[in-house]
Amino acid sequence: MQVFSSLSHSSKYYCTAVMTLNMILDEATVQRISQSPGLPQQEPTRSYWAEPSANIHRTGADADEIPEEADIVIIGSGITGTSIARTMLKELEDESDAQIIMLEAREVCSGATARNGGHITPAWYHRYPQLVEMYGKETAHKMIKFQLSHVQELLSIAEEDGLLEDSQCRLTESFDVYVHRAGFEIARQGYEAYMKEEEVSSLHDLTYLYDHMDELKALQLNPSYCGVIGTVLGAIHAYRFVTGVLSRLLQQHASNFRIFSNTPCSAVKTASSFYIVETPKGKVRCRHVVHATNAWTSHLLPGFRRTIVPLRGEMSSQRPGTGLGSGSRPGSQAATSDWQGSRSFVFYTGKKDGVFDYLTQQPRLSPTPSSNYPPPQAELMFGGGLAFNSKVFLAQVGNVDDTQSISELSTYLSQTLPVHFEENWGDNSELSDENDESHWGKGRTKASWSGLIGLSADGNPWVGRVPAELADGRKLEVHEHRPGLVEAGEWVCGGYSGEGMTSAWKCGVALGRMILGKCDTPDWLPNPYTVSLERHANAQLEDTLQFFI
Ligand SMILES: Cc1cc2nc3c(=O)[nH]c(=O)nc-3n(C[C@H](O)[C@H](O)[C@H](O)COP(=O)(O)OP(=O)(O)OC[C@H]3O[C@@H](n4cnc5c(N)ncnc54)[C@H](O)[C@@H]3O)c2cc1C
């Protein structure tokens, strides 16, 4: 889902940013975001992505106790925690240098990573003029390049770990579809400004802009919409990617990496030269605590209470039906005109940029001996509608209940694809597929579930060492040096504002390398992502929220 962070800094905001949180939010919402998000709630809604479960889903759940000591404790087993663990395990010079434990409150990978839209589609031209205005040209290019590089990065990791098939990590034709004229014209200006730059000349053959009704028709889209801007980006089955990577790490690093699922970290304390990580299975003494908990960050790091804020969203899985999938993209030389599984869409449906829907489609594959999973059957993975109604949107800000679907949004999602594709949406015949076990819903919608986004107050991820001021004042009294690792501390990596597939992996790589002392911060990590008290003081949630309500 691409857009949140692209919006929070627009120049429109700078003209009008005089509102305070209390003016934008109702009392109940202000109260919610001022409280701890608590621990992840048990029995979350069933995400279609996470069924069937990976065979490591309950790793360590039945252990009666956990080790009393470790060097590094990573809290959270989503894409962030996984990237950090993989980086450190691969780059440690000597395995005996560090014992790493990963704690997960629920099943392995049961947060946003298992509940998302599967898009690897960063905002590219969308944010360019505003990023230049805020950070200058060089940093603007670096930020966009960082996000774009995730498409190749995730493909490489999937290939290295033998996960190309299970993770469905692939290139897609990615279309931004503009419903309203004014939105399309602003997008066109951003696109033209970006494409003029010499740095992106290699993109010229890979991007397209359509603004004729015939072109929209050829794309099977509602021909009354205003325009489309597209390029080649990516899509992924993030649950199978992450659990696949973790599974391999557990096998390859059995001597120094362990996961304990169903083991929440309830508190972090200090004792002289160690941190004490508390769980219901016991306490772990360690030198480094890594917070990879995204929407839940501020439970253990109260300083992030209004800085990384939970925002509940809804996703659905829908049967493809009979009408969609035919026709090449105008101007394309592709040999086949069947586009099932190879396209993704962001539909900008509102007058405000934060109002959008997002759609990917799983490929249609046959069973193979190399995968333990049932093959995907071209399911349409559709999310969004979050800000179509400001009252509904506000009710999701600070809402951490992913045990319930958002009824207004699941209804919206089940009714909206026929609007985007008009008659191409097709009829409801031939609905059964090989994954159609009886427990999925009938009709077009198979499943609908909720998940928690970690909304960053300034729209950028937070990566780095956590100052004591943001960690409830926790500070070690004595600093002992451990070979192979930097000075002990707490670390954070999160707040991707709904763009985790284009940020989390490399933010995790950066953090892993920082803890190993390989660099202060890698030079490819955009500066605005690093943690500092100054940035924290300037990050105001109202800046971001004004784009939705
Ligand atoms: C509905 C929805 C749609 C989205 N669509 C997209 C998309 O299409 N493209 C995109 O780029 N991004 C999308 N995102 C965002 C993306 O999924 C996230 O940014 C990314 O998955 C965050 O990964 P993470 O590992 O940081 O967090 P998570 O995957 O949420 O993992 C955090 C883990 O920490 C655990 N945890 C929390 N607190 C504790 C504790 N105290 N003790 C132990 N464990 C704890 C949680 O149980 C959880 O498993 C979407 C998000 C949602 C909710």
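Note that ligands are numbered from 1 as they come in the structure, with each ligand's atoms numbered from 1 the same way.
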key: Contact atoms of ligand 1, heavy-atom distance to G451 under 4.0 Å   = 53 (C)

key: Row check, W440 ring normal vs R319 NZ/CZ: under 6.0 Å, within 45°   = no

query = Who gets closest to atom 26 (O) of ligand 1 by heavy atom: L409, T80, V277?
reply = T80

task = Please verify whether a non-hydrogen atom of S110 lies at under 4.0 Å from ligand 1.
result = yes

Atoms of ligand 1 close to L452 [distance to a heavy atom under 4.0 angstrom, numbered from 1] = 53 (C)

inquiry  = If the cut-off is 4.0 Å to any non-hydrogen atom of G76, which atoms of ligand 1 fall inside it?
reply    = 33 (C), 34 (O), 35 (C)

query = Side chains of W124 and T231: do they bring a donor and an acceptor to under 3.5 Å?
reply = no

side-chain hydrogen bond (donor to acceptor under 3.5 Å, both in side chains) against R465, all qualifying residues, sequence neighbours excluded = none

inquiry  = If only side-chain N and O atoms count, and only distance matters, is there a donor-acceptor pair under 3.5 Å linking H57 with S261?
reply    = no

query = Going by the order shown, which atoms of ligand 1 are within less than 4.0 Å of some heavy atom of T113?
reply = 20 (C), 21 (O), 23 (O), 24 (P), 25 (O), 28 (P), 29 (O)

ask   = Which ligand 1 atoms, with their elements, are less than 4.0 angstrom from a heavy-atom of A112?
value = 17 (O), 18 (C), 21 (O), 28 (P), 29 (O), 30 (O)

query = So, is G498 polar-close to ligand 1, with some N/O to N/O distance under 3.5 Å?
reply = yes

query = Is there a side-chain contact between F382 and L417, using heavy atoms and a 4.5 Å cut-off?
reply = yes

inquiry  = Apply side chain to side chain donor-acceptor pair (under 3.5 Å) to residues H291 and E490 and explain how you reach the verdict.
reply    = CA-CA 7 Å; H291 298 265; E490 289 188 62; 2.8 Å; yes

Any G494 heavy atom less than 4.0 Å from ligand 1 = no

query = So F345 and F347, would you call those rings parallel, tilted or perpendicular, with 30° and 60° as cut-offs?
reply = parallel

task = Check each of G117, S266, P44 against atom 5 (N) of ligand 1 and report the one with the nearest heavy atom.
result = G117

Residue G78 vicinity, atoms of ligand 1 by number, heavy atom under 4.0 Å = 25 (O), 29 (O), 31 (O)

query = Think K506 forms a cation-pi with W524, using NZ or CZ under 6.0 Å from the six-ring centre and within 45 degrees of its axis?
reply = yes

note = Residue set satisfying salt bridge (charged side-chain N to carboxylate O under 4.0 Å, His left out) with D166, at least two apart, ordered chain then number -> none

ask   = Considering only heavy atoms of G111, which atoms of ligand 1 have at least one such atom less than 4.0 Å away?
value = 29 (O), 30 (O), 48 (C), 49 (O)

key: Part of P40 within contact of ligand 1 (heavy atoms, under 4.0 Å)   = side chain

note = Contact region, R115 to ligand 1, non-hydrogen atoms below 4.0 Å, reads backbone

message = Test your reading of the structure: does A105 have an N or O sitting under 3.5 Å from an N or O of ligand 1?
response = yes

request  = Using the six-membered ring wherever Trp is involved, compare the ring planes of W449 and Y48 and label them parallel, tilted or perpendicular (cut-offs 30° and 60°).
outcome  = parallel

message = With nothing but distance in play, are any N or O atoms of I453 less than 3.5 Å from an N or O of ligand 1?
response = no

inquiry  = Evaluate G81 for polar contact with ligand 1, using N/O atom pairs at a separation under 3.5 Å.
reply    = no

task = Would you mind listing which atoms of ligand 1 come within a distance below 4.0 Å of any non-hydrogen atom of P264?
result = 42 (N), 43 (C)

request  = Return a yes/no value for E104: is any of its N or O atoms, backbone included, closer than 3.5 angstrom to an N or O of ligand 1?
outcome  = yes

query = Does NZ or CZ of R474 lie under 6.0 Å from the centre of the six-membered ring of Y275, at an angle within 45° of the ring axis?
reply = no

query = Non-hydrogen atoms of G383 versus ligand 1: any pair closer than 4.0 Å?
reply = no

key: Lys/Arg N to Asp/Glu carboxylate O, R46 vs E51, below 4.0 Å   = yes

Heteroatom proximity flag, W296 to ligand 1, N/O under 3.5 Å = no

ask   = What are the two closest heavy atoms between L511 and G464, and how far apart are they?
value = CD1-N, 3.5 Å

remark   = When rounded to the nearest 0.5 Å, the distance separating CD1 of I236 from CD1 of I120 is 4.5 Å

request  = Quick one: look at I75 and ligand 1, take heavy-atom pairs under 4.0 Å, and tell me if it's side chain, backbone, both or neither.
outcome  = side chain

query = Would you say G118 contacts ligand 1, with heavy atoms under 4.0 Å as the rule?
reply = yes

query = Would R343 and E173 pass as an ion pair if we require N to O under 4.0 Å?
reply = yes

request  = Consider every N or O of N116 and every N or O of ligand 1, then say whether any pair is closer than 3.5 Å.
outcome  = yes

request  = In sequence, state the C-alpha distance, the side-chain angles, and the governing distance for F146 and C507, and then conclude on side chain to side chain contact (heavy atoms under 4.5 Å, CB included).
outcome  = CA-CA 10 Å; F146 175 82; C507 286; 3.9 Å; yes

inquiry  = If you take the nearest heavy atom of each of F260, W449, Y358, which one is closest to atom 3 (C) of ligand 1?
reply    = Y358

key: Within reach of ligand 1, part of A238 (heavy-atom separation under 4.0 Å)   = neither

Contact partition for E499 relative to ligand 1, non-hydrogen atoms under 4.0 Å = backbone

